[in-house]
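What you see below is based on every heavy atom in this structure, not just the backbone, and it leaves out hydrogens, waters and symmetry mates. Per chain, numbering begins at 1; letters A, B, ... match sequence-line order. All of these numbers come straight from a predicted model, not from anything done at the bench.
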2 protein chains.
Amino acid sequence: MNTFTEENYLKAIYHLSTQSESVSTNQIAASLNTKAASVTDMLKKLAEKELINYARYQGVTLSQKGEKVALSIVRKHRLWEYFLVEKLNFKWDEVHEVAEELEHISSRELVDRLDEFMGHPKYDPHGDPIPDKNGHFKANELKPVSSLLVDTVGIISGVREHSPAFLQHLEKIKLVIGKKIKVCDINSYDHSITLLLEDELLYISRDVANNLLITL
Amino acid sequence: MNTFTEENYLKAIYHLSTQSESVSTNQIAASLNTKAASVTDMLKKLAEKELINYARYQGVTLSQKGEKVALSIVRKHRLWEYFLVEKLNFKWDEVHEVAEELEHISSRELVDRLDEFMGHPKYDPHGDPIPDKNGHFKANELKPVSSLLVDTVGIISGVREHSPAFLQHLEKIKLVIGKKIKVCDINSYDHSITLLLEDELLYISRDVANNLLITL
DNA sequence: TAAAAAATTTAGATTAGTCTAAAATTCAAA
DNA sequence: TTTGAATTTTAGACTAATCTAAATTTTTTA
Ligand SMILES: [Mn+2]
Ligand SMILES: [Mn+2]
Ligand SMILES: [Mn+2]
Ligand SMILES: [Mn+2]
């Protein structure tokens, strides 16, 4: 159907589209670790196949067809991540790279049965929503911990940054998905935050607070 | 490490090597649905990487290094097939195509954990042995039903032909792996065979008998 | 609003894998 | 053992995806 590479472009455009309406050539190049010239070539090809809306120099949006493909890749990526963590005991910082490969396995039957096997999970190990077989999902209303006021209480529900280093750090300090936290103090100089987590005080940097997401 | 295509060539050479010592360009071309000229190009590349022993016009054998790679692909293929049948309820005739894709997922960790998750199965759904993480396996002593004498008793343990059509046919007549059979009669004109299977008589053609393997 | 800077596209190459057609080699008869 | 057939390799081309360098367009800023 579509090549491995085409799928990666569509996925990249999809993710970038959640940030800004239209996506630029340079944004795509950066996110795929490739060069702008290569991106332009591929955009022509994807436009030819009507997977994107593209006009020279004007940026890109996904067509309906393209979004459908992108969502199916995202669905597969997140379902496989869930499988790796829940069934094969991978850690949440170990699954992304493997899922980058697994998401390109084409069998529709496979992904739907995998979904069924796991009981139709709604969120992946990083708190990201898993689209259903029709591409539908409801995203949680997430706020970065850095945006909260003192005394706010919330549940850790997602991350903004997916690097193994960050995820390992969170795990080490037990700040994992599902935990309840309360903001105890915000340092007005460096914006570091003191949290209450299971009766213990925990200091986190502004950087960590920025990339940690909660539901109220 | 190696490309998808290189892996498929190594696997094809591996399987062909179980039939004849040295493998020919044309055999590989036929098994991969490609042309002899393309095969020659790839053989040069694989020889360059020391994955095969190759001398112009002389046929090919796998090097130790090449065999190791081939065995890891075969291991993955068969483990995934087992997973699909045992965990996701695929039928034995539906798994091969999907496994053709899954076998190229590179993570060593993934395949070893999958193996563990399933309890280190020894045989895939078609009765083929699954190499362990070191590439070792013991093949059953298999005989085609067509080679048996009247009154021989055996257990269905493998197939020589893996086409969905053949597998579906076997399933329909309940001739599946593990079943006990007894040869009741061999027709001397067309070599069709009458079997006893769970107190019922079953007629199979020479063709089926040829592709159905048993252990004594 | 006219440079200058930044972003994007085009031009021209490169690499992997494939093909057809032609040449070379091996094998099998006669 | 020569000749013809079959097999295999080489030559030359093509496509997908990538790159660098140069040209073009858009955006910024003075
Ligand atoms: Mn991921
Ligand atoms: Mn994830
Ligand atoms: Mn198979
Ligand atoms: Mn099999």
Is [X] near enough to [N] that one of its side-chain N or O atoms lies under 4.0 angstrom from OP1 or OP2?
| X | N | answer |
| --- | --- | --- |
| B/Q58 | C/dT26 | yes |
| A/T25 | C/dT9 | yes |
| B/T34 | C/dT18 | no |
| B/T5 | C/dA16 | no |
| B/Y9 | C/dT18 | yes |
| B/N26 | D/dT8 | yes |
| B/R56 | D/dT7 | no |
| A/T40 | C/dT9 | yes |

Practice task
Answer with yes or no whether A/Y57 presents, from its side chain, a donor or acceptor under 3.5 Å of a partner atom in the base of D/dT24.
Solution key: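 Side chain to base: pair found, below 3.5 Å.
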Exercise for the section: Please test A/L88 against B/L110 for side-chain contact (heavy atoms from CB on, under 4.5 Å), starting from the C-alpha separation and ending with a verdict. Expected result: CA-CA 8 Å; A/L88 301 192; B/L110 171 58; 3.6 Å; yes
Handout entry: Polar side chain donor-acceptor pair, A/H96 to A/H77, under 3.5 angstrom
Key =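 Short answer, yes.
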Problem - Interatomic distance where CG belongs to A/L46 and C1' belongs to D/dT18 [whole Å] - result: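 Checked: the CG to C1' distance equals 15 Å.
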Practice task
Send over the distance from A/K44 NZ to D/dT15 C1', rounded to a whole Å.
Solution key: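 Those two atoms, NZ and C1', are 15 Å apart.
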Problem - Residue from B/H104, B/E103, B/E6 passing side-chain hydrogen bond (donor to acceptor under 3.5 Å, both in side chains) with B/K11 - result: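 Of the listed residues B/H104, B/E103, B/E6, the side-chain hydrogen bond (donor to acceptor under 3.5 Å, both in side chains) partner of B/K11 is B/E103.
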Practice task
Verify side-chain contact (heavy atoms from CB on, under 4.5 Å) between B/I173 and B/H169, making sure each step is shown before the conclusion.
Solution key: CA-CA 6 Å; B/I173 60 180; B/H169 174 63; 3.8 Å; yes
Exercise for the section: Map B/A55 and A/K35 onto DNA chain D by nearest heavy atom, then report which one ends up closer to the 5' terminus. Expected result: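 The 5'-side residue here is B/A55.
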Exercise for the section: Please tell me which of the listed nucleotides, C/dT18, D/dT18, C/dA11, lies nearest to the side chain of A/A37? Expected result: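 Comparing C/dT18, D/dT18, C/dA11 against the side chain of A/A37, the answer is C/dA11.
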